[in-house]
There are 2 protein chains.
Amino acid sequence: MGRPKSYSRDAVVEKAMSVFWQNGYKATSVSDIVRETGLNTASMYKEFGDKEGLFSEALHHYRDHIIGPRYRILIDNPNMSGVEMFLRNVFLGAAKKEYKGCLMMNHLAQKNVIGPDAVKQVGAFCAEIESLVETALFNAQSDGEIGPEKDVAQLASFIVFCVHGTVLYGRHDEKKHMIPKFYDMIMQELRS
Amino acid sequence: MGRPKSYSRDAVVEKAMSVFWQNGYKATSVSDIVRETGLNTASMYKEFGDKEGLFSEALHHYRDHIIGPRYRILIDNPNMSGVEMFLRNVFLGAAKKEYKGCLMMNHLAQKNVIGPDAVKQVGAFCAEIESLVETALFNAQSDGEIGPEKDVAQLASFIVFCVHGTVLYGRHDEKKHMIPKFYDMIMQELRS
DNA sequence: GTTTTTTTAAAATAAATGTTTTAAAACGTT
DNA sequence: AACGTTTTAAAACATTTATTTTAAAAAAAC
(Lines give C-alpha, C1' and ligand atoms only; values in the text may rest on other atoms or scores of the structure.)
Protein backbone atom coordinates (compact mmCIF):
# COMPACT_ATOMS: atom_id res chain seq x y z
CA MET A 1 0.00 0.00 0.00
CA GLY A 2 2.04 2.84 -1.32
CA ARG A 3 5.59 3.94 -0.82
CA PRO A 4 6.79 3.58 2.76
CA LYS A 5 8.02 6.59 4.71
CA SER A 6 11.70 7.23 4.77
CA TYR A 7 11.53 8.82 8.18
CA SER A 8 10.62 7.71 11.68
CA ARG A 9 7.78 9.74 13.16
CA ASP A 10 9.20 9.38 16.65
CA ALA A 11 12.67 10.46 15.61
CA VAL A 12 11.22 13.51 13.89
CA VAL A 13 9.15 14.48 16.90
CA GLU A 14 12.11 14.03 19.21
CA LYS A 15 14.39 16.16 17.08
CA ALA A 16 11.70 18.83 16.65
CA MET A 17 11.26 18.89 20.41
CA SER A 18 14.96 19.60 20.81
CA VAL A 19 14.83 22.47 18.38
CA PHE A 20 11.70 24.00 19.91
CA TRP A 21 13.24 23.54 23.34
CA GLN A 22 16.42 25.24 22.30
CA ASN A 23 14.99 28.23 20.45
CA GLY A 24 11.37 28.57 21.49
CA TYR A 25 8.32 28.13 19.28
CA LYS A 26 8.32 31.44 17.47
CA ALA A 27 12.05 31.54 16.88
CA THR A 28 11.92 28.09 15.31
CA SER A 29 10.96 28.14 11.64
CA VAL A 30 9.60 25.24 9.64
CA SER A 31 12.78 25.52 7.57
CA ASP A 32 14.82 25.01 10.72
CA ILE A 33 12.83 21.91 11.45
CA VAL A 34 13.09 20.32 8.02
CA ARG A 35 16.80 21.08 7.97
CA GLU A 36 17.39 19.57 11.40
CA THR A 37 15.13 16.56 11.01
CA GLY A 38 15.75 15.87 7.34
CA LEU A 39 11.99 15.57 6.99
CA ASN A 40 10.45 16.76 3.77
CA THR A 41 8.30 19.86 4.04
CA ALA A 42 5.28 18.20 2.45
CA SER A 43 5.67 15.17 4.67
CA MET A 44 5.73 17.39 7.70
CA TYR A 45 2.39 18.98 6.74
CA LYS A 46 0.93 15.60 5.80
CA GLU A 47 1.99 14.08 9.10
CA PHE A 48 1.35 16.92 11.54
CA GLY A 49 -1.05 19.29 9.83
CA ASP A 50 0.89 22.44 10.56
CA LYS A 51 3.67 23.89 12.63
CA GLU A 52 1.54 24.03 15.72
CA GLY A 53 0.53 20.40 15.25
CA LEU A 54 4.16 19.38 15.32
CA PHE A 55 4.77 21.59 18.34
CA SER A 56 1.88 19.90 20.09
CA GLU A 57 3.45 16.51 19.37
CA ALA A 58 6.74 17.84 20.68
CA LEU A 59 5.02 18.86 23.91
CA HIS A 60 3.52 15.39 24.21
CA HIS A 61 6.89 13.82 23.63
CA TYR A 62 8.42 16.07 26.24
CA ARG A 63 5.73 15.14 28.71
CA ASP A 64 5.93 11.43 28.01
CA HIS A 65 9.66 10.96 27.63
CA ILE A 66 11.44 13.81 29.38
CA ILE A 67 9.38 15.01 32.31
CA GLY A 68 6.98 12.10 32.72
CA PRO A 69 9.61 9.59 33.79
CA ARG A 70 10.77 12.04 36.42
CA TYR A 71 7.28 12.19 37.87
CA ARG A 72 6.78 8.42 37.54
CA ILE A 73 8.48 7.94 40.87
CA LEU A 74 5.93 10.26 42.45
CA ILE A 75 3.01 8.48 40.81
CA ASP A 76 4.25 5.13 42.08
CA ASN A 77 5.06 6.52 45.51
CA PRO A 78 2.57 9.25 46.37
CA ASN A 79 4.08 9.86 49.78
CA MET A 80 7.02 11.39 51.57
CA SER A 81 9.67 8.99 50.34
CA GLY A 82 8.33 9.52 46.80
CA VAL A 83 8.79 13.26 47.18
CA GLU A 84 12.28 12.74 48.48
CA MET A 85 13.27 10.37 45.68
CA PHE A 86 11.69 12.64 43.12
CA LEU A 87 13.57 15.68 44.33
CA ARG A 88 16.87 13.85 44.59
CA ASN A 89 16.41 12.54 41.05
CA VAL A 90 15.51 15.90 39.59
CA PHE A 91 18.12 17.89 41.42
CA LEU A 92 20.91 15.52 40.52
CA GLY A 93 19.67 14.99 36.96
CA ALA A 94 19.55 18.70 36.29
CA ALA A 95 23.31 18.87 35.90
CA LYS A 96 23.44 16.65 32.84
CA LYS A 97 20.56 18.03 30.86
CA GLU A 98 21.29 19.08 27.33
CA TYR A 99 18.86 21.93 26.99
CA LYS A 100 17.81 24.54 29.43
CA GLY A 101 14.62 24.96 31.34
CA CYS A 102 11.34 23.16 31.08
CA LEU A 103 9.92 23.20 27.55
CA MET A 104 6.43 23.80 28.94
CA MET A 105 7.39 26.46 31.44
CA ASN A 106 9.53 28.16 28.80
CA HIS A 107 6.34 28.77 26.83
CA LEU A 108 4.10 29.60 29.74
CA ALA A 109 4.56 33.32 29.25
CA GLN A 110 4.04 33.06 25.48
CA LYS A 111 0.32 32.52 25.26
CA ASN A 112 0.05 34.99 22.41
CA VAL A 113 2.75 33.28 20.39
CA ILE A 114 1.97 29.59 20.63
CA GLY A 115 -1.48 28.48 19.49
CA PRO A 116 -4.52 27.96 21.73
CA ASP A 117 -4.14 24.16 21.77
CA ALA A 118 -0.58 24.42 22.99
CA VAL A 119 -1.70 26.90 25.63
CA LYS A 120 -4.22 24.40 26.92
CA GLN A 121 -1.65 21.63 26.87
CA VAL A 122 0.80 23.66 28.89
CA GLY A 123 -1.88 24.66 31.37
CA ALA A 124 -3.01 21.08 31.83
CA PHE A 125 0.55 19.97 32.33
CA CYS A 126 1.14 22.53 35.08
CA ALA A 127 -2.05 21.56 36.90
CA GLU A 128 -1.14 17.90 36.57
CA ILE A 129 2.32 18.08 38.10
CA GLU A 130 1.18 20.36 40.88
CA SER A 131 -1.57 17.91 41.70
CA LEU A 132 0.91 15.03 41.80
CA VAL A 133 3.10 16.77 44.32
CA GLU A 134 0.12 17.89 46.33
CA THR A 135 -1.28 14.38 46.60
CA ALA A 136 2.03 12.99 47.77
CA LEU A 137 2.34 15.72 50.37
CA PHE A 138 -1.20 15.17 51.52
CA ASN A 139 -0.45 11.50 52.07
CA ALA A 140 2.77 12.38 53.83
CA GLN A 141 0.73 14.55 56.13
CA SER A 142 -1.72 11.72 56.82
CA ASP A 143 1.26 9.50 57.59
CA GLY A 144 2.46 12.08 60.07
CA GLU A 145 5.65 12.65 58.07
CA ILE A 146 5.08 16.35 57.76
CA GLY A 147 3.37 18.55 60.31
CA PRO A 148 -0.44 18.84 60.33
CA GLU A 149 -0.20 22.62 60.43
CA LYS A 150 1.64 22.78 57.07
CA ASP A 151 -0.17 24.30 54.11
CA VAL A 152 0.23 21.42 51.71
CA ALA A 153 -1.05 23.20 48.62
CA GLN A 154 1.36 26.04 49.23
CA LEU A 155 4.26 23.69 49.73
CA ALA A 156 3.37 21.83 46.55
CA SER A 157 3.43 24.95 44.43
CA PHE A 158 6.63 26.03 46.13
CA ILE A 159 8.25 22.75 45.19
CA VAL A 160 6.99 22.87 41.61
CA PHE A 161 8.24 26.40 41.34
CA CYS A 162 11.68 25.45 42.61
CA VAL A 163 11.94 22.36 40.46
CA HIS A 164 10.71 23.83 37.19
CA GLY A 165 11.38 27.48 37.65
CA THR A 166 14.85 27.12 39.01
CA VAL A 167 16.47 23.75 38.75
CA LEU A 168 15.08 22.52 35.47
CA TYR A 169 15.39 26.08 34.39
CA GLY A 170 19.08 26.00 35.18
CA ARG A 171 20.28 28.30 32.46
CA HIS A 172 23.40 28.75 34.54
CA ASP A 173 24.31 25.10 34.44
CA GLU A 174 27.93 25.88 35.15
CA LYS A 175 26.77 26.83 38.61
CA LYS A 176 25.84 23.42 39.77
CA HIS A 177 26.74 24.10 43.36
CA MET A 178 23.29 25.52 44.05
CA ILE A 179 21.52 22.31 43.29
CA PRO A 180 22.18 20.45 46.54
CA LYS A 181 21.41 23.67 48.37
CA PHE A 182 17.93 23.76 46.89
CA TYR A 183 17.43 20.14 47.72
CA ASP A 184 18.43 20.76 51.34
CA MET A 185 16.24 23.82 51.53
CA ILE A 186 13.13 22.04 50.40
CA MET A 187 13.69 18.98 52.55
CA GLN A 188 14.38 21.20 55.52
CA GLU A 189 11.23 23.15 54.84
CA LEU A 190 9.20 19.93 54.66
CA ARG A 191 10.66 18.50 57.83
CA SER A 192 10.71 21.63 59.97
CA MET B 1 16.19 73.84 12.41
CA GLY B 2 13.82 71.41 10.82
CA ARG B 3 10.64 69.87 12.03
CA PRO B 4 10.82 68.74 15.65
CA LYS B 5 10.13 65.15 16.56
CA SER B 6 6.66 64.33 17.68
CA TYR B 7 7.92 61.55 19.92
CA SER B 8 10.09 61.25 22.98
CA ARG B 9 13.04 58.99 22.43
CA ASP B 10 12.99 57.87 26.03
CA ALA B 11 9.30 57.07 25.99
CA VAL B 12 9.75 55.03 22.84
CA VAL B 13 12.67 53.09 24.27
CA GLU B 14 10.78 52.42 27.47
CA LYS B 15 7.72 51.15 25.66
CA ALA B 16 9.82 49.06 23.30
CA MET B 17 11.56 47.54 26.31
CA SER B 18 8.20 46.51 27.71
CA VAL B 19 7.19 44.84 24.48
CA PHE B 20 10.51 43.03 24.08
CA TRP B 21 10.33 42.03 27.72
CA GLN B 22 6.86 40.66 27.33
CA ASN B 23 7.29 38.73 24.07
CA GLY B 24 10.99 38.23 23.54
CA TYR B 25 13.08 39.70 20.73
CA LYS B 26 12.16 37.35 17.94
CA ALA B 27 8.45 37.26 18.71
CA THR B 28 8.31 41.06 18.67
CA SER B 29 7.89 42.51 15.20
CA VAL B 30 8.71 46.02 14.11
CA SER B 31 5.00 46.39 13.40
CA ASP B 32 4.27 45.51 17.01
CA ILE B 33 6.66 48.19 18.11
CA VAL B 34 5.36 50.97 15.89
CA ARG B 35 1.80 50.08 16.89
CA GLU B 36 2.60 50.07 20.61
CA THR B 37 4.85 53.13 20.62
CA GLY B 38 3.02 55.17 18.00
CA LEU B 39 6.43 55.79 16.48
CA ASN B 40 6.61 56.06 12.72
CA THR B 41 8.45 53.24 10.98
CA ALA B 42 10.82 55.58 9.19
CA SER B 43 11.53 57.45 12.38
CA MET B 44 12.36 54.23 14.11
CA TYR B 45 14.95 53.36 11.47
CA LYS B 46 16.31 56.91 11.45
CA GLU B 47 16.61 56.94 15.22
CA PHE B 48 17.82 53.42 15.97
CA GLY B 49 19.23 52.08 12.71
CA ASP B 50 17.40 48.78 12.81
CA LYS B 51 15.41 46.46 15.04
CA GLU B 52 18.48 45.24 16.82
CA GLY B 53 19.57 48.83 17.47
CA LEU B 54 16.31 49.50 19.23
CA PHE B 55 16.62 46.27 21.17
CA SER B 56 20.07 47.31 22.26
CA GLU B 57 18.67 50.59 23.53
CA ALA B 58 15.95 48.68 25.31
CA LEU B 59 18.59 46.59 27.04
CA HIS B 60 20.41 49.75 28.09
CA HIS B 61 17.20 51.21 29.40
CA TYR B 62 16.50 48.03 31.32
CA ARG B 63 19.95 48.10 32.80
CA ASP B 64 19.85 51.78 33.69
CA HIS B 65 16.28 52.13 34.89
CA ILE B 66 14.99 48.73 35.93
CA ILE B 67 17.84 46.63 37.24
CA GLY B 68 20.48 49.29 37.78
CA PRO B 69 18.61 51.04 40.62
CA ARG B 70 18.25 47.69 42.35
CA TYR B 71 22.02 47.23 42.26
CA ARG B 72 22.69 50.86 43.19
CA ILE B 73 22.33 49.94 46.83
CA LEU B 74 25.07 47.36 46.39
CA ILE B 75 27.35 49.82 44.62
CA ASP B 76 26.93 52.35 47.40
CA ASN B 77 27.27 49.71 50.11
CA PRO B 78 29.66 47.03 48.92
CA ASN B 79 29.41 45.06 52.13
CA MET B 80 27.18 42.80 54.15
CA SER B 81 24.48 45.34 54.95
CA GLY B 82 24.42 46.24 51.26
CA VAL B 83 23.81 42.63 50.34
CA GLU B 84 21.05 42.41 52.90
CA MET B 85 19.35 45.61 51.75
CA PHE B 86 19.70 44.56 48.14
CA LEU B 87 18.12 41.18 48.71
CA ARG B 88 15.32 42.56 50.79
CA ASN B 89 14.59 45.15 48.13
CA VAL B 90 14.62 42.66 45.27
CA PHE B 91 12.66 39.97 47.02
CA LEU B 92 9.96 42.33 48.15
CA GLY B 93 9.89 44.25 44.87
CA ALA B 94 9.47 41.08 42.84
CA ALA B 95 5.82 40.80 43.77
CA LYS B 96 4.78 44.00 42.06
CA LYS B 97 6.65 43.66 38.80
CA GLU B 98 4.59 43.98 35.67
CA TYR B 99 6.53 41.67 33.40
CA LYS B 100 8.16 38.38 34.12
CA GLY B 101 11.77 37.49 34.45
CA CYS B 102 14.87 39.48 33.74
CA LEU B 103 14.93 40.91 30.23
CA MET B 104 18.62 40.05 29.93
CA MET B 105 18.37 36.55 31.39
CA ASN B 106 15.33 35.86 29.24
CA HIS B 107 17.54 36.28 26.19
CA LEU B 108 20.61 34.54 27.55
CA ALA B 109 19.70 31.27 25.87
CA GLN B 110 18.85 33.01 22.57
CA LYS B 111 22.29 33.85 21.29
CA ASN B 112 21.35 32.70 17.81
CA VAL B 113 18.24 34.87 17.71
CA ILE B 114 19.36 38.24 19.04
CA GLY B 115 22.26 39.88 17.27
CA PRO B 116 25.92 39.69 18.29
CA ASP B 117 25.91 43.14 19.89
CA ALA B 118 23.01 42.20 22.12
CA VAL B 119 24.76 38.96 23.02
CA LYS B 120 27.79 40.95 24.16
CA GLN B 121 25.60 43.34 26.11
CA VAL B 122 23.87 40.53 27.94
CA GLY B 123 27.16 38.82 28.70
CA ALA B 124 28.68 42.01 30.05
CA PHE B 125 25.64 42.62 32.18
CA CYS B 126 25.86 39.18 33.78
CA ALA B 127 29.53 39.57 34.53
CA GLU B 128 28.90 43.01 35.97
CA ILE B 129 26.21 42.06 38.45
CA GLU B 130 28.07 38.96 39.55
CA SER B 131 31.12 41.07 40.20
CA LEU B 132 29.08 43.55 42.25
CA VAL B 133 27.79 40.84 44.54
CA GLU B 134 31.19 39.22 44.76
CA THR B 135 32.89 42.44 45.79
CA ALA B 136 30.34 43.07 48.51
CA LEU B 137 30.74 39.54 49.81
CA PHE B 138 34.50 39.83 49.72
CA ASN B 139 34.32 42.96 51.85
CA ALA B 140 31.86 41.27 54.18
CA GLN B 141 34.41 38.54 54.60
CA SER B 142 37.15 41.04 55.37
CA ASP B 143 34.85 42.61 57.94
CA GLY B 144 34.39 39.19 59.52
CA GLU B 145 30.67 39.23 58.76
CA ILE B 146 30.78 35.97 56.88
CA GLY B 147 33.11 33.09 57.62
CA PRO B 148 36.63 33.07 56.14
CA GLU B 149 36.12 29.55 54.85
CA LYS B 150 33.20 30.56 52.62
CA ASP B 151 33.69 30.38 48.86
CA VAL B 152 32.71 33.92 48.05
CA ALA B 153 32.64 33.52 44.27
CA GLN B 154 30.39 30.53 44.59
CA LEU B 155 28.06 32.33 46.96
CA ALA B 156 27.91 35.31 44.62
CA SER B 157 26.82 33.24 41.66
CA PHE B 158 24.35 31.40 43.83
CA ILE B 159 22.79 34.68 44.87
CA VAL B 160 22.68 36.02 41.33
CA PHE B 161 21.12 32.79 40.22
CA CYS B 162 18.44 32.96 42.89
CA VAL B 163 17.72 36.60 42.32
CA HIS B 164 17.57 36.56 38.53
CA GLY B 165 16.80 32.95 37.80
CA THR B 166 14.09 32.57 40.35
CA VAL B 167 12.79 35.68 41.95
CA LEU B 168 13.00 38.15 39.12
CA TYR B 169 12.07 35.24 36.95
CA GLY B 170 8.89 34.74 38.95
CA ARG B 171 6.64 33.54 36.17
CA HIS B 172 4.46 32.11 38.90
CA ASP B 173 3.85 35.44 40.50
CA GLU B 174 0.69 34.18 42.15
CA LYS B 175 2.95 32.10 44.34
CA LYS B 176 4.47 34.87 46.31
CA HIS B 177 4.87 32.82 49.40
CA MET B 178 8.23 31.51 48.24
CA ILE B 179 9.82 34.91 48.15
CA PRO B 180 10.52 35.34 51.88
CA LYS B 181 11.66 31.74 51.93
CA PHE B 182 14.36 32.47 49.39
CA TYR B 183 15.38 35.54 51.30
CA ASP B 184 15.68 33.54 54.51
CA MET B 185 17.53 30.78 52.77
CA ILE B 186 20.17 33.04 51.36
CA MET B 187 20.66 35.03 54.55
CA GLN B 188 20.89 31.81 56.50
CA GLU B 189 23.44 30.44 54.07
CA LEU B 190 25.52 33.60 54.40
CA ARG B 191 25.41 33.64 58.17
CA SER B 192 25.86 29.94 58.85
C1' DG C 1 4.33 -5.50 -15.62
C1' DT C 2 0.74 -2.65 -14.84
C1' DT C 3 -1.86 -0.35 -11.41
C1' DT C 4 -2.39 1.95 -7.23
C1' DT C 5 -0.98 4.38 -3.42
C1' DT C 6 1.97 7.24 -0.97
C1' DT C 7 6.26 9.75 -0.49
C1' DT C 8 9.26 13.03 -2.02
C1' DA C 9 11.58 17.00 -4.33
C1' DA C 10 11.04 21.29 -5.97
C1' DA C 11 8.61 25.01 -7.38
C1' DA C 12 4.75 28.09 -6.35
C1' DT C 13 1.89 30.89 -3.35
C1' DA C 14 0.65 33.86 0.25
C1' DA C 15 1.29 36.26 4.25
C1' DA C 16 4.30 38.47 7.56
C1' DT C 17 8.23 40.98 8.47
C1' DG C 18 12.42 43.97 8.08
C1' DT C 19 13.84 47.85 5.55
C1' DT C 20 13.94 51.73 2.15
C1' DT C 21 12.04 55.23 -0.71
C1' DT C 22 9.18 59.13 -2.01
C1' DA C 23 6.77 63.00 -1.53
C1' DA C 24 4.20 65.88 1.36
C1' DA C 25 3.81 68.27 5.80
C1' DA C 26 5.75 70.82 9.77
C1' DC C 27 8.54 73.76 11.95
C1' DG C 28 12.67 77.11 12.80
C1' DT C 29 15.29 80.62 10.54
C1' DT C 30 16.02 84.39 7.70
C1' DA D 1 6.75 84.65 2.94
C1' DA D 2 10.47 81.89 1.13
C1' DC D 3 14.13 78.63 2.48
C1' DG D 4 16.33 74.80 4.64
C1' DT D 5 15.98 70.96 7.35
C1' DT D 6 13.75 67.16 9.44
C1' DT D 7 9.74 64.44 10.42
C1' DT D 8 6.06 61.90 8.87
C1' DA D 9 2.70 59.03 6.19
C1' DA D 10 2.24 55.85 2.88
C1' DA D 11 3.66 53.07 -0.51
C1' DA D 12 7.30 50.13 -2.31
C1' DC D 13 10.69 46.57 -1.88
C1' DA D 14 13.01 42.49 -0.38
C1' DT D 15 13.38 38.70 2.51
C1' DT D 16 11.73 35.29 5.46
C1' DT D 17 8.34 32.14 6.71
C1' DA D 18 4.17 29.16 6.63
C1' DT D 19 1.73 26.53 3.52
C1' DT D 20 0.14 24.33 -0.92
C1' DT D 21 0.64 22.44 -5.38
C1' DT D 22 2.63 19.70 -9.06
C1' DA D 23 4.80 16.17 -10.99
C1' DA D 24 8.12 12.64 -10.62
C1' DA D 25 9.84 8.63 -7.90
C1' DA D 26 9.24 4.51 -5.05
C1' DA D 27 7.35 0.70 -3.42
C1' DA D 28 3.25 -2.57 -2.49
C1' DA D 29 -0.76 -5.05 -4.51
C1' DC D 30 -2.75 -7.25 -8.11
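Below, chain A is the first sequence line, B the second, and so on; all start at residue 1. The figures here come from the full heavy-atom set of this structure, side chains too, leaving out hydrogens, waters and symmetry mates.
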Exercise. Run the side-chain contact (heavy atoms from CB on, under 4.5 Å) check on A/E134 and A/L155 step by step: do they pass?
Worked result: CA-CA 8 Å; A/E134 202 171 332; A/L155 279 173; over 6 Å; no
For this session: Decide side-chain contact (heavy atoms from CB on, under 4.5 Å) for B/T135 and B/N139; before the verdict, give the C-alpha distance in whole Å, the side-chain angles of both, and the deciding distance to 0.1 Å.
Result: CA-CA 6 Å; B/T135 300; B/N139 292 337; 4.0 Å; yes
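Listed by chain and number, the residues in a ring-ring contact (aromatic ring centres under 6.0 Å, His included) with B/H65 are B/H61 (sequence neighbours excluded). Remark: A/N23 pairs with B/N112 by the side chain to side chain donor-acceptor pair (under 3.5 Å) rule, at least two apart or across chains. Checked against side chain to side chain donor-acceptor pair (under 3.5 Å), A/R9 has the following partners two or more places apart in sequence or in another chain: A/E47, A/E57. Judged as a side chain to side chain donor-acceptor pair (under 3.5 Å), and not counting sequence neighbours, A/S8 has no contacts. Qualifying ring-ring contact (aromatic ring centres under 6.0 Å, His included) partners for A/F48, counting only residues two or more places apart in sequence or in other chains: none. Under the salt bridge (Lys or Arg N to Asp or Glu O under 4.0 Å) criterion, A/D64 pairs with no residue at all, not counting sequence neighbours. Scanning for ring-ring contact (aromatic ring centres under 6.0 Å, His included) contacts around B/F86 gives B/Y71, with sequence neighbours left out.
Between the NZ atom of A/K5 and the C1' atom of D/dA28 there is a distance of 15 Å, rounded to whole Å. The distance between atom CG of A/L54 and atom P of D/dA18, rounded to the nearest whole Å, is 11 Å. We find that CZ of A/R9 is positioned 12 Å from P of C/dT7, with the value rounded to whole Å. Distance NZ (B/K51) to C1' (D/dA14): 16 Å, rounded to an integer number of Å. The nearest whole Å value for the distance from the CZ atom in A/F55 to the C1' atom in D/dA18 is 16 Å.
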Kindly list each side-chain donor-acceptor pair under 3.5 angstrom involving residues 115-128 of chain B, sequence neighbours excluded, with atom names and distances?
| residue | atom | partner | partner atom | Å |
| --- | --- | --- | --- | --- |
| B/Q121 | OE1 | B/S56 | OG | 2.8 |
| B/Q121 | NE2 | B/S56 | O | 3.0 |
| B/Q121 | NE2 | B/H60 | ND1 | 3.4 |
| B/E128 | OE1 | B/R63 | NH1 | 2.6 |
| B/E128 | OE2 | B/R63 | NH1 | 2.7 |

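Checking B/D32 against B/S29 by side-chain atom types alone, a donor-acceptor pair falls below 3.5 Å.
Remark: A/T28, A/S29, A/V30 in residues 24-32 of chain A come within less than 4.0 Å of DNA chain D through at least one heavy atom. Contacts between residues 37-48 of chain A and DNA chain D, defined by a heavy-atom separation below 4.0 Å, involve A/T41, A/A42, A/Y45, listed by number. The stretch residues 114-121 of chain B has no heavy atom under 4.0 Å from DNA chain C, so no residue of it qualifies as close.
Taking the centre and axis of the six-membered ring of B/Y25, the NZ or CZ atom of B/K51 falls inside the cone set by 45° and 6.0 Å.
Residues B/H107 and B/F55 place their aromatic rings such that the two centres sit under 6.0 Å apart.
Summary for the helix from C/dG1-D/dC30 to C/dT30-D/dA1: the axes at its two ends, each from 5 pairs, differ by 0° when rounded to the nearest 10 degrees.
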